[in-house]
Amino acid sequence: MNAVGQPISRVDGRLKVTGDARYTADIRLEGIVHAAIVYSTIANGRTVSIDTAAAENAPGVLAVLTHKNMPRMNALPWSHLRPQGQTYLPLQDDQIHYAGQPVALVVAATLDLAAFAGTLLKVEYEARPPVVFDPRTAKEDAIEPSQRMWPLSSSIGDANKAIAGAAVKIEQTYTMPDRHHNPMEPHASLAVWDDNGTLTLYDSTQMVVGTRKLVSLVLGLTDEKINVVCEFLGGGFGGKSWSWPHTLLAALAAKVVNRPVCLPLSRAQMYSMVGHQAATVQTIALGADRDGTLTGIRHDSVNPTSVFDDYVEYAAMASRHLWRASGGIATSHKLVHVNRNSPVVLRAPMEAQGHFALECGMDELAYATGVDPVELRLRNDADTDPYSGRPFSTRALRECLTRGAARFGWDKRTPEPRSMRDGRFIIGQGVAAAIYTHWRWPGKARVTLNRDGSALVEAAAHDIGTGTYTIMTQVAADALGLTPNKLAVRLGDTRLPESHPASGSATTANATAAVMLAAQAAREKAVELALTGRDAPFAGAAANDVTVADGRLALKKTNLSITYAELLARNGLANLVGDGDYNPIEEVSGPKAIFSFSAVFAEVRIDHDLGLVRLNRVVGAYDAGRIINPKTARSQAIGGIIWGTGQALLEQSETDPTSGQFINRNYSGYLVPTNADIPELDVLFVDGFDEEASPLGAKGLGELSAVSVAPAITNAVYHATGTRVRDLPITIEKLL
Ligand code: MOS
């Protein structure tokens, strides 16, 4: 029986629930000491003096490092393409550009002693008023950045003309707040140098290979002198896809004190030591015929970034690809530089923000034209990508909309706002569709078939917590003809074959494709041995007449068979190694546009006297190509819906305009959904096989499922109340 397609439980589940899985901050090395960061309370200015005497004399302290005595790092100009979270390097000068910026690092015998000694520092500042982001003036303040990863603006046809001449026009501005990653596991780095000057970094990262590259550039080491290890992650959410100052500080501190140094971030430090999702101010304009057929789309987005980096949140990208518009589509992105740390990707970056404006705009259009919101979307479905003109490889959005609607019971919905009730509650139902970029990145893998009939999969890829260990087990098992319990998987170490970051929901389609290729290569070597090796059991036969199941090779139409174990023993081999090298980069500009799709249906229950919104139920329908493991896929999908629920109803970072600080720096001030907030979540997959997307037929799923939850809920709130909320999250005061 094939392992792929089976709802296999996590192969690392036991390790995790028993506490045997060691996360970065759990690792204990001989002679380990700990480091704590002291950070700036001002957001703009400089340090005038830092009195370290009391901290240096505190119990257990080994070193107090400030910009005066910290070893120098190599500054790098900003580039989206480098794995740097931000360009401004810690403890290199007296300048302060953001609140929460490191001003000192204390190394001590224990973390508590380091943190305590840090409180004894006396820092004198020269403060200037911080520049903070103001959504009300963002559009006037915004500038065109010089650095970009993709084109900042796009124009197909003449969107403005089409909208100006349209029978029905919608133009609205939507705003979303800054959000923070807040995975369960805070970032941590543990650095140790050996006598040969080799640095080993245990780091909570989604990209061991990128971390090695960044650290090698900043510290001036060759790649060979750095190992980066991350076996388990307690979530990453994109914040761990780039390297941040604390990792550089840990590496240099370990050199200074000549001991292993562990530097875990506190929960509060998670708000300034690593990136966040920048607020966006988005204006969407739609033009349509009276029957809802789109004639023009314009989508403009502004986001804040740090004073030193040009981080662009590509929120308007969604509008380039999702719907057809006969007259034209135009998009643009601009920035406002403010005193904060650099923003970064977070949980479906770009799409999760852009769809809020686009898909709420579509709901406004549905009401303006009187066309049912599901029907409106079916009417504007596209079979070629409007931006590139390429046909989609696969696009089961229609099925997502129609099957999702059927599962949800959309036909029982009455369209007028405030028309559905449940006792004293008003009920609202909303829908939103989504398109998500399918990333194609190169990756390598190695599969070793052992003499005992077991096999080992190795790759410098990651399991971010979503089940990569498990699906790689399934894919390799099928390719080798082994049962999954014969497989072991090792990930997260730069000494393994190079792979890509656990980002962009790309690991199944790319890194796992490399695993399949490596397993096929190992199997082919075994088949070759059976045909031509010592005492070859299938001598003279053709390779494609050999089948493998349960670790036994068999020759079709004969009784001949031999196990991998017997075959390796007969040939005096300890193992057979297969290498996989998957490189889809040329296909990025290939003939097909590849995206995954979804439709999200949400029902809310509102106590209108109190403005309280409760989620009743959600149905998510997904086209993510072939589903490798329905159990881990479902877990990803419901996780994404929960993220989207946080985005819709709870998550909101506030900046104090006087100090420039993020104010709510913990789970009690920065709200994320808890079990009590989450009702029954129903997910369905429109199964398919996208051969353009990956040899596995799979497209990206994880982050797709976080997209369009917020607009579905927001549209449901409108249906319930008649109040159109255009500023997330939907808090009580916005409904009273
Ligand atoms: Mo994800 S935000 O692409 O790591």
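Counting starts at 1 for both ligands and their atoms, in listed order.
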Parallel, tilted or perpendicular for Tyr469 and Phe232, by the 30°/60° rule? tilted

What orientation do Phe685 and Tyr622 show, parallel under 30°, tilted 30 to 60°, or perpendicular over 60°? tilted

Set of side-chain contact (heavy atoms from CB on, under 4.5 Å) partners for Ala693, sequence neighbours left out: His438, Ile594, Asp690, Lys699

Here the gap from Ser705 atom OG to Arg347 atom CZ, rounded to the nearest 0.5 Å, amounts to 12.0 Å

Is the Tyr271-Phe662 ring centre distance short of 6.0 angstrom? no

N/O contact list for ligand 1, threshold under 3.5 Å:
unit_1, atom_1, unit_2, atom_2, d
ligand 1, 3 (O), Gly504, N, 2.7
ligand 1, 3 (O), Glu703, OE1, 3.1
ligand 1, 3 (O), Glu703, OE2, 3.0
ligand 1, 4 (O), Gln206, NE2, 3.0
ligand 1, 4 (O), Gly238, N, 3.4
ligand 1, 4 (O), Ser241, OG, 3.2

Side chains of Met273 and Pro102 in contact at under 4.5 Å (non-hydrogen atoms): yes

